[in-house]
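As the structure is a computational prediction, the values presented were derived from the model and not from experiment. Heavy atoms only: backbone and side chains are in, while hydrogens, waters and symmetry mates are out. Every chain is numbered from 1, with letters handed out A, B, ... down the list of sequences.
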Amino acid sequence: MPELPEVEGVVRALAPKVEGDTIVKVELSSTIYNSCREGKQCIVKNIEPHLFEEVMQGMTIEKVVRRSKYIYFHLQKVEEKFLFVNHLGMTGAWFVVQTLDEIREEKFRKHVHAIFTLHTGELLVYADIRRFGEMRFIKKIEEHPPLLLMAPEPFDEHACEFFLQKCELPKYQNKPIKEVIMDGQVISGCGNIYATEALFKMGIHPARKANRISKMRKAELFNTIRTILQESIEMGGSTISDYRNINGEAGGMQHRLKMYGKKVCPTCESATKSLIIGGRTSVYCPKCQH
DNA sequence: CATGCTGACCGGCGGC
DNA sequence: TGCCGCCGGTCAGCA
């Protein structure tokens, strides 16, 4: 599943291929049309599928940037600026190809949901196996309040201070630390994999209440998260489940993971345990983490 | 009003 | 081989 480092990899690969290009045509899958017609939640969130296709037509992709685990496509049409926001959910992936059969993996090829034809003739393709991804077409960030509430980028110089301040709020004081660091309004882009790894590295039990950790250790924890995210970006992300980068390549970070998905602690060889915290499976070493 | 919990969205895959 | 149920990021909606 793509987390911040994986999304960063996607954006770095995607940006140089599509920035400056103009979208001449958009086709959404019949699956999207059907879900929408049945009133179900679907990938395209805030707009009718046919309107989405229409409004995207003629848009120039000015810039592609990552914000937390979201991809922001900054668009422009006749001097007017818009934003197309995408989240990859669990299984979303982007491809830039000449034809769809260039998508090597069948499970992605079978689940293509949006095809943006560019003025160059290339196809910018969004595939999503489980359809947990999101696409929103908006004029301003304000149109979708959750985007405004996101914590600063973890590499922002104020992000640590922001995290420490949030921890002081009553609603976070008594929560398990893992739930707090995975909350996108506290720290951006720290998903299950990297939260698990950082807590293991710090020797902190994932269920420990936030207010039972000193401010100094919280700051260290933040730095650990930031360092792990950075390391993973450099490794090309973790290839877990269905994540691939835009070239269909796997990352290397999964070989460096020490606790996520492990049965045995790499330090003391105890059997790991798992708990459900904030609705998510949380693996930890009962001997090394307190 | 703020917070908190539940459910909805899915197909792959593990387990039986 | 077949089928059932689990898994998870995000947010809407309701208590």
>> Applying side chain to side chain donor-acceptor pair (under 3.5 Å), can you list everything that pairs with A:Glu48, at least two apart in sequence or on another chain?
In response: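 Not a single residue meets the side chain to side chain donor-acceptor pair (under 3.5 Å) criterion with A:Glu48.
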> Considering only C:dT10, B:dG12, B:dC10, which nucleotide approaches the side chain of A:Glu134 most closely?
Replying inline: C:dT10
> Does a donor on one side chain and an acceptor on the other come within less than 3.5 Å for A:Glu53 and A:Gln57?
Replying inline: no
>> Check this for me: A:Lys45, atom NZ, are more than 12 non-hydrogen atoms of other residues, nucleotides or ligands nearer than 6.0 Å?
In response: yes
> Taking atom CZ of A:Arg212 as the centre, does the number of heavy atoms from other residues, nucleotides or ligands within less than 6.0 Å exceed 12?
Replying inline: no
Shared-cluster residues of [X], by chain and number - hydrophobic side chains joined below 4.5 Å:
{"X": "A:Met150", "value": "A:Val65, A:Tyr70, A:Tyr72, A:Leu83, A:Val85, A:Ile138, A:Ile141, A:Leu147, A:Leu148"}
{"X": "A:Leu275", "value": "A:Ile277, A:Tyr284"}
{"X": "A:Phe162", "value": "none"}

> What are the residues of residues 165-180 of chain A, sorted by number, that bring a heavy atom to within less than 4.0 Å of DNA chain B?
Replying inline: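 DNA chain B contact set from residues 165-180 of chain A: A:Lys171, A:Lys175.
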> For residues 40-48 of chain A, which residues have at least one heavy atom under 4.0 Å from DNA chain B?
Replying inline: A:Lys40, A:Gln41
> When you check every protein heavy atom under 4.0 Å of nucleotides 1-8 of chain C, what one-letter string (B, S, -) results, 5' to 3'?
Replying inline: ------BB
To the nearest angstrom, how far is [X] atom [atom1] from [N] atom [atom2]?
{"X": "A:Phe108", "N": "B:dG12", "atom1": "CZ", "atom2": "P", "answer": "11 Å"}
{"X": "A:Gln185", "N": "C:dG9", "atom1": "CD", "atom2": "C1'", "answer": "14 Å"}
{"X": "A:Lys107", "N": "B:dG11", "atom1": "NZ", "atom2": "C1'", "answer": "10 Å"}
{"X": "A:Glu106", "N": "B:dG12", "atom1": "CD", "atom2": "C1'", "answer": "13 Å"}
{"X": "A:Leu149", "N": "C:dC11", "atom1": "CG", "atom2": "C1'", "answer": "12 Å"}
{"X": "A:Arg136", "N": "C:dG9", "atom1": "CZ", "atom2": "P", "answer": "17 Å"}
{"X": "A:Tyr70", "N": "C:dT10", "atom1": "OH", "atom2": "C1'", "answer": "6 Å"}
{"X": "A:Leu147", "N": "C:dA12", "atom1": "CG", "atom2": "P", "answer": "10 Å"}

> Which side-chain hydrogen bond (donor to acceptor under 3.5 Å, both in side chains) pairs, counting each pair once, include a residue from residues 137-151 of chain A, with sequence neighbours left out?
Replying inline: A:Arg136-A:His144
Pairs of donor and acceptor atoms involving the side chains of residues 189-202 of chain A, under 3.5 Å and at least two apart or interchain, shall be tabulated with distances.
from: A:Asn192; atom 1: OD1; to: A:Lys178; atom 2: NZ; distance (Å): 2.7
from: A:Asn192; atom 1: OD1; to: A:Thr196; atom 2: OG1; distance (Å): 3.4
from: A:Asn192; atom 1: ND2; to: A:Thr281; atom 2: O; distance (Å): 3.0
from: A:Tyr194; atom 1: OH; to: A:Glu6; atom 2: OE2; distance (Å): 2.8
from: A:Tyr194; atom 1: OH; to: A:Ser232; atom 2: OG; distance (Å): 2.7
from: A:Tyr194; atom 1: OH; to: A:Ser238; atom 2: OG; distance (Å): 2.8
from: A:Thr196; atom 1: OG1; to: A:Asn192; atom 2: O; distance (Å): 2.7
from: A:Glu197; atom 1: OE1; to: A:Lys258; atom 2: N; distance (Å): 2.7
from: A:Glu197; atom 1: OE2; to: A:Lys258; atom 2: N; distance (Å): 3.2
from: A:Glu197; atom 1: OE2; to: A:Met259; atom 2: N; distance (Å): 2.8
from: A:Glu197; atom 1: OE2; to: A:Tyr260; atom 2: N; distance (Å): 2.7

>> Suppose we screen for side chain to side chain contact (heavy atoms under 4.5 Å, CB included). Which residues come up paired with A:Val97, at least two apart in sequence or across chains?
In response: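 With neighbours one apart ignored, the set is A:Phe95, A:Glu102, A:Ile103, A:Leu123, A:Val125.
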For [X] and [N], is the shortest distance between a side-chain N/O and OP1 or OP2 below 4.0 Å?
{"X": "A:His111", "N": "B:dC10", "value": "no"}
{"X": "A:His144", "N": "C:dC11", "value": "yes"}
{"X": "A:His87", "N": "C:dT10", "value": "yes"}
{"X": "A:Ser35", "N": "B:dC10", "value": "yes"}

>> Tell me the bend of the helix from B:dT3-C:dA15 to B:dC16-C:dG2 as the angle between end helix axes, each from five pairs, rounded to the nearest 10 degrees.
In response: 50°
>> Before we go on, tell me: are the rings of A:Phe73 and A:Phe116 under 6.0 Å apart, centre to centre?
In response: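 No, they do not, as the ring centres are separated by 6.0 Å or more.
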Listed pairs under 3.5 Å, donor-acceptor, residues 163-177 of chain A side chains, sequence neighbours left out:
from: A:Tyr172; atom 1: OH; to: A:Asp183; atom 2: OD2; distance (Å): 3.3
from: A:Gln173; atom 1: NE2; to: A:Cys167; atom 2: O; distance (Å): 3.2
from: A:Gln173; atom 1: NE2; to: A:Glu168; atom 2: O; distance (Å): 3.2

> Between A:Lys77 (side chain) and A:Val55 (backbone), is there a donor-acceptor pair under 3.5 Å?
Replying inline: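 Yes: the side chain of A:Lys77 pairs with the backbone of A:Val55.
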> Under 4.0 Å between a Lys/Arg side-chain N and an Asp/Glu carboxylate O for A:Arg67 and A:Glu153?
Replying inline: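 Looking at A:Arg67 and A:Glu153, the cut-off is met.
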